[in-house]
Amino acid sequence: MKRILLMVILNIYRVPYWFIKLCIYGKNDKYTEQQRYGLLKHIIVRANKAGRVKIESHGLSNLPKETGYIMFPNHQGLFDILTFLESHPLPFTIVAKKELDHVIFLKQIMRAFRGQLIDRNDVRQSLQIINKMTEEVKQGRNYVIFAEGTRSKDNTLLDFKGGSFKSAINAKCPIVPVALIDSYKAFDTSSIKKQTVEIHYLKPIFYEEYKDIKSTEIAKLVKSKIEEKIRENSIDKPLTV
């Protein structure tokens, strides 16, 4: 949390303006997705710089040429989505737990994102979100889903949930595994030392490659690809298989 305070303090004269802009963009449909994403990227790039976090992005050439894909990263911590916002060149949105709607600033970011808030205890609502996401992906929207469902807070991976891949299967869209390394060190430790976070966009898995595979097997495949990339690049290498 110290780093978040540092980001706020060093941008203290910008924060009220950003907050107002996020509220306006979140409530008004006249702004395009590109405009909303541009605002978010503008804010996050400056916040990350103030927070002494450098993002090293790899594999952007692996991203599908056409939009309408879902990215499945490992979930290390609260900083993960900021890594995507600085590095990913095109607009995307996210599926997150409904609790974020009660956190000031994050709520405004999610609304500007047009993010989907899911209640994991409400099966009907979860199904509605999956169906909505499927339709939006078919229309060319990109998504990020954290298939682990909770933060690992280190460079290890938890099990990926097969149900997280239902939208990709239904939309018949490319699945992009994404490996995050040391993202947890930004917000989930007490340090404010300079920190480098790596994000690796891996080669996509196209529908023709996974159409005959069960969702649980797709989850294992994506997890293994991310684990391999982290193993190759992580200094800590505390992986469990």
Side-chain angles (χ1 to χ4, degrees), residues 57-76 80-81 83-84 87-88 90 92-97 115-116 118-152 154-181 183 198-234 237 239-241:
S57 178
H58 306 269
L60 286 172
S61 61
N62 288 326
L63 292 173
K65 303 303 180 186
E66 296 184 2
T67 57
Y69 51 84
I70 302 179
M71 295 173 281
F72 290 89
N74 54 313
H75 192 13
Q76 293 197 345
D80 294 351
I81 200 62
T83 307
F84 276 93
S87 64
H88 195 266
L90 299 173
F92 67 91
T93 190
I94 183 175
V95 175
K97 57 186 180 180
Q116 304 296 330
I118 194 166
D119 183 352
R120 288 174 289 188
N121 296 319
D122 188 334
V123 176
R124 183 177 179 181
Q125 189 263 3
S126 298
L127 183 59
Q128 289 174 341
I129 294 295
I130 290 173
N131 291 338
K132 182 177 181 180
M133 181 169 50
T134 298
E135 292 305 312
E136 291 189 350
V137 171
K138 286 180 178 179
Q139 294 168 14
R141 201 167 194 199
N142 305 318
Y143 266 87
V144 168
I145 301 176
F146 295 104
E148 289 168 288
T150 189
R151 294 170 284 158
S152 64
D154 56 25
N155 283 326
T156 62
L157 272 72
L158 306 175
D159 287 337
F160 278 34
K161 296 175 172 59
S164 300
F165 294 85
K166 292 292 186 181
S167 290
I169 295 170
N170 294 339
K172 301 180 181 180
C173 72
I175 290 171
V176 182
V178 182
L180 294 168
I181 299 176
S183 179
E198 295 182 35
I199 182 168
H200 297 260
Y201 296 94
L202 309 185
K203 291 183 178 180
I205 306 170
F206 293 97
Y207 180 68
E208 291 73 18
E209 302 173 61
Y210 69 78
K211 64 180 181 180
D212 297 321
I213 307 175
K214 293 180 180 179
S215 61
T216 52
E217 295 303 314
I218 297 173
K220 291 178 182 178
L221 174 63
V222 171
K223 179 186 175 184
S224 68
K225 289 180 178 293
I226 295 173
E227 279 184 327
E228 182 180 0
K229 180 57 67 173
I230 294 177
R231 187 179 292 110
E232 291 173 359
N233 293 274
S234 174
K237 297 183 181 179
L239 286 173
T240 58
V241 180

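For the residue pair Asp80 and Ser183, the shortest heavy atom distance occurs at OD1-OG, 2.6 Å. Of all heavy-atom pairs between Pro177 and Lys203, the closest is CD-O, 3.5 Å. When all heavy atoms of Ile181 and Asn155 are compared, the closest pair comes out as CA-OD1, 3.7 Å. Taking both residues in full, the closest heavy atoms of Ser164 and Ile145 are given as O-CD1, 3.8 Å, listed atom of the first, atom of the second, then distance. Nearest heavy-atom pair across Phe84 and Val178 is CZ-CG1, 3.7 Å. The nearest pair of heavy atoms linking Leu158 to Thr150 is CD1-CG2, 3.4 Å.
Considering only heavy atoms from C-beta on, Lys132 stays 4.5 Å or farther from Glu135 through its side chain. Proximity of His58 to Asn233: side-chain heavy atoms (C-beta onward) are nowhere separated by under 4.5 Å. Counting heavy atoms from C-beta on, the side chains of Ile218 and Ile169 come closer than 4.5 Å.
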| said: Go through it in stages, so that I can follow the logic: the residues are Lys220 and Glu217, the test is salt bridge (charged side-chain N to carboxylate O under 4.0 Å, His left out), and I'd like the CA-CA distance, side-chain angles, deciding distance and then a yes or no. | reply: CA-CA 5 Å; Lys220 291 178 182 178; Glu217 295 303 314; 3.7 Å; yes

| field | Derivation and outcome, side chain to side chain contact (heavy atoms under 4.5 Å, CB included), residues Phe92 and Ile81 | value | CA-CA 11 Å; Phe92 67 91; Ile81 200 62; 3.8 Å; yes

| request: With salt bridge (charged side-chain N to carboxylate O under 4.0 Å, His left out) as the test, would you mind laying out the steps for Lys229 and Glu232 before giving the verdict? | output: CA-CA 5 Å; Lys229 180 57 67 173; Glu232 291 173 359; 3.5 Å; yes

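Atom CZ in Phe72 sits 14.5 Å away from atom NZ in Lys225 (nearest 0.5 Å). One distance of note links CG of Leu60 with NE2 of His88; it measures 7.5 Å at 0.5 Å rounding. For the atom pair CD of Glu198 and OG of Ser87, the computed distance is 12.0 Å after rounding to the nearest 0.5 Å. A distance of 11.5 Å separates OG1 in Thr216 from CG in Leu221, rounded to the nearest 0.5 Å. Remark: Leu157 CG to Gln76 CD distance equals 8.0 Å, nearest 0.5 Å. The structure places CZ of Phe165 at 11.0 Å from CD1 of Ile213, a figure rounded to the nearest 0.5 Å.
No more than 12 heavy atoms of other residues, nucleotides or ligands lie within 6.0 Å of NZ in Lys214, so this atom counts as exposed by the packing criterion.
Every residue two or more places apart in sequence or in another chain was checked for a side-chain hydrogen bond (donor to acceptor under 3.5 Å, both in side chains) with Ser215, and none qualifies. Remark: Glu148 pairs with no residue by the side-chain hydrogen bond (donor to acceptor under 3.5 Å, both in side chains) rule, at least two apart or across chains. Legend: residues meeting side chain to side chain contact (heavy atoms under 4.5 Å, CB included) with Ser126, ordered by chain and number and at least two apart, are Ile118. A search for side-chain hydrogen bond (donor to acceptor under 3.5 Å, both in side chains) contacts involving Asn74 returns nothing, not counting sequence neighbours. Shown here are the side chain to side chain contact (heavy atoms under 4.5 Å, CB included) partners of Phe206, two or more places apart in sequence or in another chain: Pro174, Pro204, Glu208, Glu209. Scored by the side chain to side chain contact (heavy atoms under 4.5 Å, CB included) test, Asp122 finds Asp119, Arg124, Gln125 as partners (sequence neighbours excluded).
With Gln116 contributing its side chain and Met133 its backbone, the two residues share no donor-acceptor pair below 3.5 Å. Counting only distance, with no hydrogens or angles, the side chain of Thr67 and the backbone of Gly140 share a donor-acceptor pair below 3.5 Å. The closest donor-acceptor contact from the side chain of Tyr210 to the backbone of Ala168 lies under 3.5 Å.
A salt bridge does not link Arg231 with Glu228: every distance from a Lys NZ or Arg NE/NH1/NH2 to an Asp or Glu carboxylate oxygen is 4.0 Å or more.
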